[in-house]
Number of protein chains: 2
Amino acid sequence: MNIGDAAAQAGLPAKTIRYYEDIGLVKPRRDANGYRAFAQSDIHKLTFLARARALGFSIGDCRDLLALWEDSSRASSDVRQIAQEHLARIETKIADLADMRDTLKTLVRDCSGDDRPDCPILKRLGDPT
Amino acid sequence: MNIGDAAAQAGLPAKTIRYYEDIGLVKPRRDANGYRAFAQSDIHKLTFLARARALGFSIGDCRDLLALWEDSSRASSDVRQIAQEHLARIETKIADLADMRDTLKTLVRDCSGDDRPDCPILKRLGDPT
DNA sequence: CCTTGACCTTCCAGTGAGTGGAAGGCCTAT
DNA sequence: ATAGGCCTTCCACTCACTGGAAGGTCAAGG
């Protein structure tokens, strides 16, 4: 299967798949003409990667998860730990963003948004401490 | 004021301040020895930038906000629009992350996390559709 | 057989917002 | 005079792609 079809199957841009090959996540064989030839197992891996990335796992995590996936004697605790650490990072990020959101909401609410210059948003950003 | 003191005042790494000069956000004058000499107005700007960045505004937004801040005849509606668009982006991002979090939470909860290989997390990532 | 257009290849550069580090100049205190 | 702590510039690296240029390959239609 050529890269275009592989991309369609896995739901990833062809460019991304080439990149994943570059960094060693997939190793499709090559046809005589130099075209990448994706086996079903490659497609399966790419789909795995697409899903893991969609859950926000870093490429590093994906690499580890893929290795565990391929290791039939893995311990689920290893998988769980990766997921749990990732979950913690996401929760931190959500909390940070929620703080920003709350502040911004207040500022936007209090800003008249007309043609006058007075603006609590700029006031907040620029006021001397 | 030298860059070290400016950094301490503004709460930004010196490296970041140099970067901000590179991209034209601040333009401190130079002493005879080549050292940057930050005026109070520069410190004020840097503080503004630090706060805007802490609220998650992009450098592009910061540039625009800074220009509005310095323009005494600005319309607050312009400021408000920037903030509101940023707020919308943040809310989208929070929603995306919350989706990931929910999925991950379920998966982590359902994973035994012992030394056996069975794992709903890998199952979810690798199962044929 | 030739062309057209859709594929495919590699390689290079850029994104955002810095961060790390090397090599070297300057300033103050001892 | 020298030590150390500043400061300078410049280059490379981060992350996960993404865009584009230049060129090779393949199948279909004329």
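Atoms considered below: every heavy atom in the structure, side chains included; atoms not considered: hydrogens, waters and symmetry mates. The chains referred to below are lettered A, B, ... by the order of the sequence lines, with proteins before strands, and numbering in each begins at 1. Quantities reported herein were computed from a predicted structural model and do not represent experimental measurements.
- The interatomic distance linking A:Asn2 (CG) with C:dT9 (C1') rounds to 11 Å, in whole Å.
- In this entry the distance linking CZ of B:Arg29 with P of D:dT8 reads 13 Å, nearest Å.
- Counting to the nearest Å, the C1' atom of D:dT18 and the CD1 atom of A:Ile3 are 14 Å from each other.
- Residue contacts for B:Ile23: at a heavy-atom cut-off of 4.0 Å it reaches no nucleic acid atom on any strand shown.
- Of the possible polar contacts, one joining the B:Ser76 side chain to the A:Asp114 backbone as a donor-acceptor pair under 3.5 Å is found.
- Distance CD (A:Glu21) to P (C:dC11): 12 Å, rounded to an integer number of Å.
- Distance, B:Ile59 CD1 to C:dT19 P: 11 Å, rounded to whole Å.
- If you take CG of A:Asp22 and P of D:dC15, they are 15 Å apart, rounded to a whole angstrom.
- Atom CG of A:Leu97 is separated from atom CG of B:Asp96 by 10.5 Å, given to the nearest 0.5 angstrom.
- When side chains are defined from C-beta on, B:Asp78 does not count as touching B:Asp64, because their heavy atoms never get closer than 4.5 Å.
- Pairs of residues two or more places apart, or lying in two chains, that qualify as side-chain hydrogen bond (donor to acceptor under 3.5 Å, both in side chains) and include a residue from residues 8-26 of chain B are B:Glu21-B:Arg30, B:Glu21-B:Arg36.
- For B:Tyr20, counting side-chain heavy atoms from C-beta on, the closest listed nucleotide (C:dT10, C:dG18, D:dT9) is C:dG18.
- Regarding A:Met1, its CE atom lies at a distance of 18 Å from the C1' atom of D:dC26, rounded to whole Å.
- Of the possible polar contacts, none joining the A:Ser77 side chain to the B:Asp115 backbone as a donor-acceptor pair under 3.5 Å is found.
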Using the 3.5 Å cut-off, write out each protein N or O paired with an N or O of nucleotides 1-4 of chain D and the distance between them.
none

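- The distance between atom CG of A:Asp31 and atom P of C:dT9, rounded to the nearest whole Å, is 10 Å.
- Between A:Arg36 and C:dC7, a side-chain N or O to OP1/OP2 separation shorter than 4.0 Å is absent.
- For residues 117-127 of chain A, the pairs satisfying side-chain hydrogen bond (donor to acceptor under 3.5 Å, both in side chains) are A:Lys123-A:Asp127, with sequence neighbours left out.
- Taking the six-membered ring where tryptophan is involved, the planes of B:Phe48 and B:Trp69 are essentially parallel, since the angle between them stays under 30° and well short of 60°.
- Using a 4.0 Å cut-off between charged nitrogen and carboxylate oxygen, A:Glu91 and B:Lys105 count as a salt-bridge pair.
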Distances for protein N/O vs nucleotides 26-28 of chain C N/O pairs under 3.5 angstrom?
{"from": "C:dC27", "atom 1": "OP1", "to": "B:Asn33", "atom 2": "ND2", "distance (Å)": "3.3"}

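- The bend of the helix from C:dC1-D:dG30 to C:dT30-D:dA1, defined by the angle between the axes of its first five and last five pairs, stands at 30° to the nearest 10°.
- The side chain of A:Arg53 contributes no N or O atom lying less than 4.0 Å from OP1 or OP2 of D:dC15.
- Under the 3.5 Å distance criterion, the side-chain polar atoms of A:His86 are left unmatched by any main-chain donor or acceptor of B:Leu104.
- Taken to the nearest 0.5 Å, the SG atom of B:Cys111 stands 9.0 Å off from the CD atom of A:Gln84.
- In this structure, B:Arg116 places its CZ atom where only 12 or fewer heavy-atom neighbours from other residues, nucleotides or ligands lie under 6.0 Å away.
- For the residue pair A:Pro13 and A:Ala7, the shortest heavy atom distance occurs at C-CB, 4.2 Å.
- Residue B:Leu46 comes nearest to B:Val26 through the heavy atom pair CD2-CG1, 3.8 Å, listed as atom of the first residue, atom of the second, then distance.
- Checking side-chain atoms of A:Asn33 against main-chain N and O of A:Tyr35 turns up a donor-acceptor pair under 3.5 Å.
- Remark: A:Pro13, A:Lys15, A:Thr16, A:Tyr19 in residues 5-19 of chain A come within less than 4.0 Å of DNA chain D through at least one heavy atom.
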